[in-house]
Amino acid sequence: MPEDELTRFLEALSPASRQKVRTQPQERQQQLADAWEKELGEDSDLDTLDEVSPVPAEEEAAERVVRDLLDG
């Protein structure tokens with residue numbers, strides 16, 4: 001299991017989104033990973049999904065961050 005949140009964030013993304021994030025400067029990548037962690041902690045719908053299936057919850061949160069902060 002990856003230890004740092006940036007690695008975990010990148011692994012939760014689809015290949016296309018992962019590539020978008022990797023083209024960003026390192027500081028921006030870390031900001032996105034931080035936003036992902038915040039999204040996981042604050043979204044009550046994801047909390048419910050996380051209890052049933054943690055991997056899809058992480059993937060959904062990661063894709064939301066990319067949509068909202070990179071594509072938005």
| Just how far is it from atom CD of Glu5 to atom CD of Gln30, taken to the nearest 0.5 Å? | 5.0 Å
| query | Minimum heavy-atom separation for Ala12 to Glu59, with atom names? | reply | O-CG, 3.3 Å
| task | Please name the pair of heavy atoms, one in Arg28 and one in Leu69, separated by the smallest distance, quoted to 0.1 Å. | result | NH2-O, 3.0 Å
| field | Value rounded to 0.5 Å, distance of CD in Glu42 from CD in Glu37 | value | 11.5 Å
| task | Measure across Leu70 and Leu32 and return the closest heavy-atom pair with its distance rounded to 0.1 Å. | result | CD1-CD1, 3.9 Å
| task | Could you walk me through whether Leu6 and Gln26 pass the side chain to side chain contact (heavy atoms under 4.5 Å, CB included) test, one step at a time? | result | CA-CA 10 Å; Leu6 179 56; Gln26 185 67 29; 3.2 Å; yes
| query | Say you draw a straight line from NZ of Lys20 to OG of Ser14; how long is it, rounded to the nearest 0.5 Å? | reply | 7.5 Å
| remark: What one should report as the nearest heavy-atom pair of Leu10 and Gln29 is CD1-OE1, 4.4 Å
| request: Could you tell me which non-hydrogen atom of Leu40 sits nearest to which non-hydrogen atom of Ala57, and how far apart they are? | output: CD2-O, 3.9 Å
| Between CZ of Arg22 and CG of Leu13, what distance do you get to the nearest 0.5 Å? | 9.0 Å
| query | Taking the side chain as C-beta and beyond, is there a heavy-atom pair between Trp36 and Glu58 under 4.5 Å? | reply | yes
